[in-house]
Amino acid sequence: MSDTAQTAAAITRAFAALTDGQIHWAECGPPDAPPLLLLHQTPRSWREFQWVLPQVGDHYRAIAMDTLGFGDSARGVGAVSIERWAAVAIELLDHLGIERTHVVGHHTGGVIAIEIAAGHPERVGALVLSSTPFTNSAFRRDRAERPPIDEVEARPDGSHLTDLWQRRMGFYPSERPDLLLAFVRDALVVIDDVEGGHTAVATYRMEDSIARIVAPTRLIRATDDPFAFPHGEELREQLVNAASIDIVDIEGGMVPLPDQLPDEFSRAVVEFLDQNPIGVAG
């Protein structure tokens with residue numbers, strides 16, 4: 001059996017019927033190990049962590065969910081928001097019987113993780129925020145003045161697919177077209193509202209919630225991610241009540257960090273979680 005086949009066999013997938021519809025997740029690791037919830041960026045899916053799951057699954061019960069409206073999860077009804085996505089994540093944890101978990105979020109997933117850790121501190125052991133923006137008033141003004149990130153108008157000749165590809169090319173390693181293809185595949189699932197996740201991030205008032213986080217927190221920065229890298233110091237300054245906080249830089253990392261450099265990403269996650277056992281809520 002090839003290494004790829006062994007990796008694929010290690011991951012199980014399932015659905016839960018929740019309030020907003022069926023929510024999909026992928027899981028790897030012993031069911032009795034300390035749990036770890038992984039949250040993906042926009043407009044990706046659990047597959048952003050497909051190479052991370054087996055590595056962290058050697059140590060934890062790793063659960064990568066598809067955010068409501070993305071991947072194989074239901075679209076839901078009504079407006080999307082970071083708060084709503086966090087509530088769905090908490091409902092999934094309830095469904096799985098998980099009272100307390102570590103949480104890892106990348107880009108949009110990091111914003112959702114902040115809302116979870118701020119709103120439900122008793123549910124979060126340690127927190128890892130990867131390439132996560134600080135969405136304060138300045139961020140919201142800047143985003144309001146910028147054109148859409150991934151929105152493309154569908155055309156009969158399919159040229160909008162080229163547009164989608166080219167919009168992201170500068171944020172992906174030129175020698176790894178497979179990573180950009182993975183992005184496009186996930187984006188096509190939500191092509192009718194591919195900006196929904198970006199809009200949710202751009203309107204989230206993180207400054208109202210971040211100071212409520214008490215969990216030990218690690219910030220992972222991808223050094224070649226021009227969008228997120230500068231936010232690391234801002235986040236550190238705002239996490240005033242976190243039990244501890246540090247920053248780890250992953251050299252050469254770009255927007256698709258978890259599936260671009262899964263070994264480095266997994267190592268940074270596991271190292272931090274091992275230093276901060278999940279324990280019980282204080």
Side-chain angles (χ1 to χ4, degrees), residues 13 15 20-26 39-51 64-82 84-85 88 105-112 130-133 135 139-204 222 224-229 231 253-261:
R13 299 168 61 187
F15 288 87
D20 280 286
Q22 295 227 29
I23 298 300
H24 173 261
W25 79 92
L39 303 166
H40 62 80
Q41 69 170 302
T42 296
R44 292 298 313 275
S45 70
W46 77 270
R47 292 188 183 279
E48 180 164 64
F49 299 107
Q50 64 179 322
W51 308 118
M65 67 178 291
D66 284 342
T67 301
L68 179 70
F70 296 90
D72 289 328
S73 285
R75 300 301 297 273
V77 178
V80 299
S81 68
I82 297 300
R84 184 180 182 194
W85 288 339
V88 173
H106 181 61
H107 269 266
T108 299
V111 181
I112 301 169
S130 171
S131 301
T132 301
T135 64
F139 179 92
R140 290 190 290 274
R141 284 195 304 270
D142 178 64
R143 286 297 302 274
E145 296 170 356
R146 292 170 56 186
I149 297 173
D150 295 315
E151 184 177 300
V152 293
E153 182 179 353
R155 305 184 191 94
D157 64 357
S159 58
H160 59 290
L161 301 181
T162 302
D163 288 349
L164 184 60
W165 184 281
Q166 291 177 342
R167 286 193 181 196
R168 283 277 178 156
M169 282 182 63
F171 300 103
Y172 282 66
S174 59
E175 74 282 3
R176 294 289 306 277
D178 58 305
L179 297 177
L180 192 47
L181 180 60
F183 159 78
V184 171
R185 284 173 171 164
D186 279 340
L188 289 177
V189 174
V190 291
I191 195 67
D192 57 325
D193 188 26
V194 73
E195 285 297 305
H198 301 310
T199 301
V201 171
T203 55
Y204 179 60
D224 293 349
D225 182 344
F227 172 74
F229 185 83
H231 289 272
M254 301 180 77
V255 166
L257 179 62
D259 47 1
Q260 176 198 1
L261 298 170

Kindly compute the distance separating [atom1] ([X]) from [atom2] ([Y]), expressed to the nearest 0.5 Å.
| X | Y | atom1 | atom2 | value |
| --- | --- | --- | --- | --- |
| Leu180 | Tyr172 | CG | OH | 6.5 Å |
| His24 | Phe70 | NE2 | CZ | 15.5 Å |
| Leu68 | Ser81 | CG | OG | 9.5 Å |
| Asp66 | Arg44 | CG | CZ | 10.5 Å |
| Leu164 | Asp150 | CG | CG | 6.0 Å |
| His107 | Asp225 | NE2 | CG | 4.0 Å |

For the student: nearest non-hydrogen atoms of [X] and [Y], plus distance:
| X | Y | answer |
| --- | --- | --- |
| Phe183 | Pro43 | CE1-CD, 3.2 Å |
| Thr42 | Arg168 | O-NH2, 3.6 Å |
| Ala26 | Trp46 | CB-CE3, 3.3 Å |
| Phe15 | Trp25 | C-CZ3, 3.5 Å |
| Leu257 | Ser130 | CD2-OG, 3.8 Å |

Do [X] and [Y] have side-chain heavy atoms sitting under 4.5 Å apart?
| X | Y | result |
| --- | --- | --- |
| Val255 | Ser131 | no |
| Pro173 | Met254 | yes |
| His40 | Phe49 | yes |
| Val184 | Trp165 | yes |
| Ile82 | Val201 | yes |
| Val189 | Ser45 | no |
| Met65 | Ser73 | no |
| Val111 | Pro133 | yes |

Could you check whether atom CZ of Arg13 has more than 12 heavy atoms from other residues, nucleotides or ligands sitting under 6.0 Å from it?
yes

Is the CZ atom of Phe171 crowded by more than 12 outside heavy atoms at less than 6.0 Å?
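Count not over threshold, so no.
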
Check this for me: does any side-chain nitrogen of one of [X] and [Y] sit under 4.0 Å from a carboxylate oxygen of the other?
| X | Y | value |
| --- | --- | --- |
| Arg47 | Asp259 | no |
| Asp178 | Arg176 | yes |
| Arg155 | Asp163 | yes |

For the side chain of Ser159 and the backbone of Asp157, is there at least one donor-acceptor N/O pair under 3.5 Å apart?
no

Is the backbone of Pro258 close enough, under 3.5 Å, to the side chain of Glu48 for a donor and an acceptor to pair up by distance?
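It does not hold such a pair.
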
What do the steps show when you test Val152 against Arg167 for side chain to side chain contact (heavy atoms under 4.5 Å, CB included), and what is the final call?
CA-CA 10 Å; Val152 293; Arg167 286 193 181 196; 4.0 Å; yes

